[in-house]
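Inspection log for the structure reproduced underneath, given as structure tokens.
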Amino acid sequence: MPAKTLFPVIAAALIGSGYPALAQAPGANFPEGLGKATVTSVCGGCHDINRLTAGYTPEGWLTVTNMMRNFGAPVPDDQWDTVRAYLIRSFPEQPRPPAVLIPGPVEVNIMEWPLPTPGSRPHDPMAGKDGAIWWSGQLANKLGRLDPKTGTFKEYPVNPMSAPHGLVEDRDGNVWFTGNFRGFIGKLDIKTGEVKEYSLPDPKARDPHTLVIDHNGVVWFSVQNGNFVGRLDPKTGDVKLATPPTQNARPYGMAVNSKNVVFFVEFGAPKVATIDDNMHIQEYQLPNPGSRPRRIAITPDDKVWYTDYSRGYLGRLDPATGEIKEWASPSGPKSLPYGIAATKGGIWYCESAAKPNTIVRFDPKTEKFQSWAIPGGGDIVRNMDVDRDGNPILANSLENEVGLVAVKNETN
């Protein structure tokens with residue numbers, strides 16, 4: 001179904017089935033003004049309309065409306081300025097915790113590149129083996145590649161309504177990605193631009209999320225709201241799914257350790273877990289029931305590090321002993337730590353709610369933090385990767401940029 005016809009169908013289904021005749025219509029309590037009727041009739045088509053009240057800066061609303069436009073929101077071309085003006089006036093950015101910047105011994109240069117397609121919503125970054133920086137343009141329906149040496153971009157369209165989310169490169173240079181809106185795993189041949197899609201065997205596995213490739217070339221992926229972890233054998237195309245023991249676990253970030261063990265975090269529960277080739281899942285309980293780990297990184301000693309999004313903590317699990325240790329993130333309990341990577345003797349992650357967003361480095365030996373403001377504000381680094389030189393890379397969803405944290409010196 002074309003994107004332009006999908007939005008009103010979804011909206012009609014939500015309004016028709018989710019709200020009794022006498023109930024208040026979605027958005028009825030929104031401020032009055034020119035553009036309200038269009039916003040309330042359209043913006044609930046693919047998400048909860050009350051999410052608008054979280055607010056954005058004017059620049060943020062420009063990006064958000066570009067995202068909606070990319071995916072065919074049924075707004076006439078001559079009304080977009082009116083819609084944008086209503087949103088800017090009615091829903092300004094809400095107060096956010098100020099970034100706490102901590103000096104330290106490591107020097108970095110944070111570089112960023114605006115993407116060629118407005119409103120792409122780059123979700124995940126990926127470091128190519130050739131030095132390129134890739135990203136998934138979720139709301140542009142594209143995968144993108146940047147040569148950071150020349151500043152040259154190339155974008156690869158994927159099939160309509162795919163909404164690429166996670167991405168990873170295999171040993172042959174193919175780019176695997178999750179088709180988040182249409183429930184498939186895709187493989188892009190960058191030589192031909194051809195995309196091959198692998199359907200998932202259960203219709204409930206509708207939102208594949210993050211994926212990794214293990215040492216044997218097998219593709220593993222999480223399905224967040226569908227509550228699955230999957231395994232795809234590229235040699236045969238065989239796909240298997242497993243459900244975590246915990247209800248509504250919401251499998252999210254994933255990583256593979258040196259022994260080829262696949263780890264993932266459960267964003268819907270205070271747990272870290274593993275899955276093996278027999279699709280058996282083992283869960284590790286975190287000490288605080290309010291923990292909601294979102295992303296994960298593994299150091300060479302096979303310690304598992306995670307960002308506790310809900311509590312504003314960085315955590316470490318030693319799977320060999322079961323020991324768990326946590327540290328409060330510099331910008332506080334509402335800083336929403338998100339994307340994370342382990343490289344150059346440190347743990348690097350982003351505080352996604354701090355104003356501006358920060359890049360934080362934690363030294364496991366000294367247990368000390370150092371942090372930097374992301375130029376332009378960041379907003380919002382959902383995932384990180386490490387390039388061939390050991391530098392963290394990032395994708396900034398709302399700023400519509402990809403970035404590189406060039407580390408000038410190391411302490412280890």
ask   = Hey, are the side chains of I359 and I374 touching, using non-hydrogen atoms and a 4.5 Å cut-off?
value = yes
inquiry  = I'd like to know if the side chain of S310 and the backbone of G290 have a donor-acceptor N/O pair within less than 3.5 Å.
reply    = yes
key: Side-chain donor-acceptor contact under 3.5 Å, S258 with D302   = yes
request  = Report the residues that fulfil ring-ring contact (aromatic ring centres under 6.0 Å, His included) with W305, sequence neighbours left out, ordered by chain and then residue number.
outcome  = W327, F362
key: Which atom of K142 lies closest to which atom of T117, heavy atoms considered   = NZ-OG1, 2.9 Å
key: Contact check, side chains of V175 and L143, non-hydrogen atoms, under 4.5 Å   = yes
query = Would you say the side chain of H280 lies within less than 4.5 Å of the side chain of I275, judging by non-hydrogen atoms?
reply = no
Partner residues of K149 under the salt bridge (charged side-chain N to carboxylate O under 4.0 Å, His left out) criterion, sequence neighbours left out = none
task = State, yes or no, whether a side-chain contact exists between S41 and V39 at a heavy-atom distance under 4.5 Å.
result = no
query = Does E155 reach the side chain of P116, with side-chain heavy atoms less than 4.5 Å apart?
reply = yes
task = Give me the one residue out of Q138, R121, R382 that meets side chain to side chain donor-acceptor pair (under 3.5 Å) with S397.
result = R382
Mind listing the side-chain donor-acceptor pairs of residues 246-255 below 3.5 Å, one per line with the distance, residues two or more places apart or on another chain?
unit_1 : atom_1 : unit_2 : atom_2 : d
T246   : OG1    : K271   : NZ     : 2.6
T246   : OG1    : E283   : OE1    : 3.0
T246   : OG1    : E283   : OE2    : 2.9
R250   : NE     : Q224   : OE1    : 2.9
R250   : NH2    : Q224   : OE1    : 2.4
Y252   : OH     : R294   : NE     : 2.9
Y252   : OH     : R294   : NH2    : 3.0
Y252   : OH     : Y338   : OH     : 2.7

key: Partner residues of D389 under the salt bridge (charged side-chain N to carboxylate O under 4.0 Å, His left out) criterion, sequence neighbours left out   = none
message = Quiz question: by atom type and distance under 3.5 Å, do the side chains of S162 and N141 form a donor-acceptor pair?
response = no
key: Partner residues of H123 under the ring-ring contact (aromatic ring centres under 6.0 Å, His included) criterion, sequence neighbours left out   = H165
remark   = Sorted by chain and residue number, the salt bridge (charged side-chain N to carboxylate O under 4.0 Å, His left out) partners of E323 (sequence neighbours excluded) come out as none
